[in-house]
Amino acid sequence: MGSQLRERVPPRVVDVCASCICDPVTRLKFLRLAKPAPPLPPEPPRRPPKRRRPAIALTVLAAALLMAPLGRVAPTEAPPPPPPVGPLEPPQDSPAPRVWLVEQSNGTEIYSNGLRIEGGPGVPGQPRLYRAFDRNAPDGSRWQWRAEPAGIVFHSSESDVASFEPEMNGILKRQGELLLAYARQRRCYHFLIDRFGRVHRVVEESARADHAGHSIWSDDDWVYVNLNHSFLGVCFEAQTQPGVAVSPAQIHSARVLTEMLRSRYNIPARNCITHAQVSVNPRNFRVGYHTDWARDFPFAQLGLPDNYLQPLPSLTFFGFDADASFVKLAGPDLRHAVSLAQAQVRHAAAGRGIPVARYRAELQEAYARAAAAATNPAGS
Amino acid sequence: MSSSEKKLDPRIGLDVGTSRIVMARRVDNEIEYRSQLNAFVRIPASPLTASVLRKEGIPHTIDGSDVVIYGDQAEKFANIFHVETRRPMQNGALNPSEPDGPAVIREIISLLIGDQKARPGEKMCVSMPGSPLGSSDDLTFHESVVRQIVTDFGYEVSTINEGLAVVYSDLAESNYTGIGVSCGGGMCNVCFAYLSVPVVSFSISQAGDFVDTNTATATGEVATRIRMFKEKDFSFNGASGDKIQRALTIYYDEVIRHLVTAMNCAFSDNRALPKLDRPVPVVLSGGSSIPRGFRERFEKALRQSAFPVPVSDVLLAADPLHSTAKGALVSLLAD
């Protein structure tokens, strides 16, 4: 309604209506409803009376609605309290609930939170072994060996997806089967969640999967480079183009799967992130070589904080940068994280008293050393 | 009614200023304010010092071999130890030469709001400076760090331009149309709003600290002492034999002159200005606007200039030290 008012009502009418509201907070609320965002043009638009009258009536009605409670309660009536938060929105950094294996039979596992995983133990692969680098020395000079996953990277398959309608059932099933076969053949992920929300194990959990390629992430203590070993890959059968959503069944399955993995490996919530946040291209030192889930990932519905807001460690530790195409593709929170990381880099360079380009070049050298060490997990 | 029975609205307006951090929240339909000096001192730690500070309830942290005392108490200890207070912020943004700044700001905010985490959905609106006029200084880092500090307390954070907050605090009568000017420690922030919509906003980095530092240099005093004198005793009362008084007047006049020039520059060059059918009020707020005679001097300078926006009144905010925090709270209440 606000935008309708903005387009149609002369400011003078809004002004007069607002003057009738005694309570300053209610008055401001009304003005925001009538004029929420942009500055006014130099001249109020002239419109024929026919069009103006309903809009004026609408404004007066809005003002009346806003004023109505004033007759019943004190002028300083408090606005209503914040809306209750739904059960799918936990506090930040909440620990994962304890989840355990209930039973395992015929290649299917059932877990205590209702998670059901199909596909048996998964395709075998190279055992997981990687270096986690000390955050205070991310150039690869201090590290520790790890064999347990440190986090989860969420992907989307970006494969063909038919319309989610009953009459497309056969095609939907066939597309899922083909994708699963392909993923197993290429050892692409650890888990695949199909359009119906079924969770398939692809590669066994103790092995690496080829899901993240050149990639970087960090938590409070450690930096991880090239996450195929260090992070589990969970893929939604989906396309992440704007307007195409994953199904509620997929979200539910992703939530219970995330709970199970976080419980089993003690994974911090901040290490559950999307492929677009971690993917880099070392050839041109740009982030976002892969851009799946660059926006709209349902973190809250998976019981996770909005991890899009974390500054990208690829920028702050290793001198990568985001180009305009990535920024355009990213959602507002990820854009904010990029600008935060860029500001941190500028600030650090200023602190060292050197130009940003030179500071980045130093970070990029550190990346080369860390990447060489990280991709040689069997080395000493 | 005991304090435990008071109806506490969880929404908070926060003014993170160079000089002070002010919190506003509604208790029993009245707005309650709390504020602390945005400053700290480091003194050498000893078991006795720590124990005395703890007993006396003086806010502090231990950092290695030092005790960091922050907030209002920092000034007292600075006087006792004959040192300058250190400032987490400078010119309206984080002070790059104080790496401990964000940690101190976090402690001061914790002192104001209590150190328990917010419940999910609880909101805080934080004031942010406008873009500096004619400067390429970037405030992204400052905004991001302050946002992060507040987010860490568990709040859903929104921000509001400092000048707009002054409009929301003091210009309800004119339907939130007018010019809000916040004259703080590190910056003067200006915002012209039309029916609550911000149209022009900017900041300049000459304000109270500029006056204090230059007066201190001219008179050979320390800036902290100048600030205390300014807040307690200073007024624009014409010719005076007192050296500090005279220097303060000169540098205040310099700030006013710079502010009026900047306003003329920003408003003359803006095509987004609406066509006004009546003059608009200007409201002054912030600690630097408090000295007696400041409002009159500013009004005289503005009216003598060729200011392109017709001005009705130049007012002093009802509560100049708290108006930014109040405006941030009002903005949140109207969401």
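Reminder, nothing fancy here: chain letters follow the sequence lines and each chain counts from 1. Keep in mind that what you see is a predicted model, and the values were worked out from it rather than measured.
- B:T140 contributes atom OG1, which lies 9.0 Å from atom CD of A:Q342 (distance to the nearest 0.5 angstrom).
- Separating the CD atom in A:Q344 from the CZ atom in B:F141 is a distance of 6.0 Å, to the nearest 0.5 Å.
- Annotation: B:E173, atom CD; neighbour count of heavy atoms from other residues, nucleotides and ligands within 6.0 Å does not exceed 12.
- In this structure, B:Y168 contributes its side chain and A:V25 its backbone to no donor-acceptor pair below 3.5 Å.
- Of the atoms belonging to B:R147, it is side-chain heavy atoms, and not backbone ones, that fall under 4.5 Å from chain A.
- In this structure, A:L309 CG and B:T151 OG1 are separated by 7.5 Å, a value rounded to the nearest 0.5 Å.
- Heavy-atom distances place both the backbone and the side chain of B:S331 under 4.5 Å from chain A.
- Once rounded to the nearest 0.5 Å, the distance linking NE2 of A:H336 with CD of B:E143 reads 7.0 Å.
- With values rounded to the nearest 0.5 angstrom, A:R27 atom CZ is found 11.5 Å from B:S196 atom OG.
- Annotation for B:N175 and A:L31: closest pair O-CD1, 3.4 Å, computed over non-hydrogen atoms.
- For A:R286, the salt bridge (charged side-chain N to carboxylate O under 4.0 Å, His left out) criterion is met by no residue, not counting sequence neighbours.
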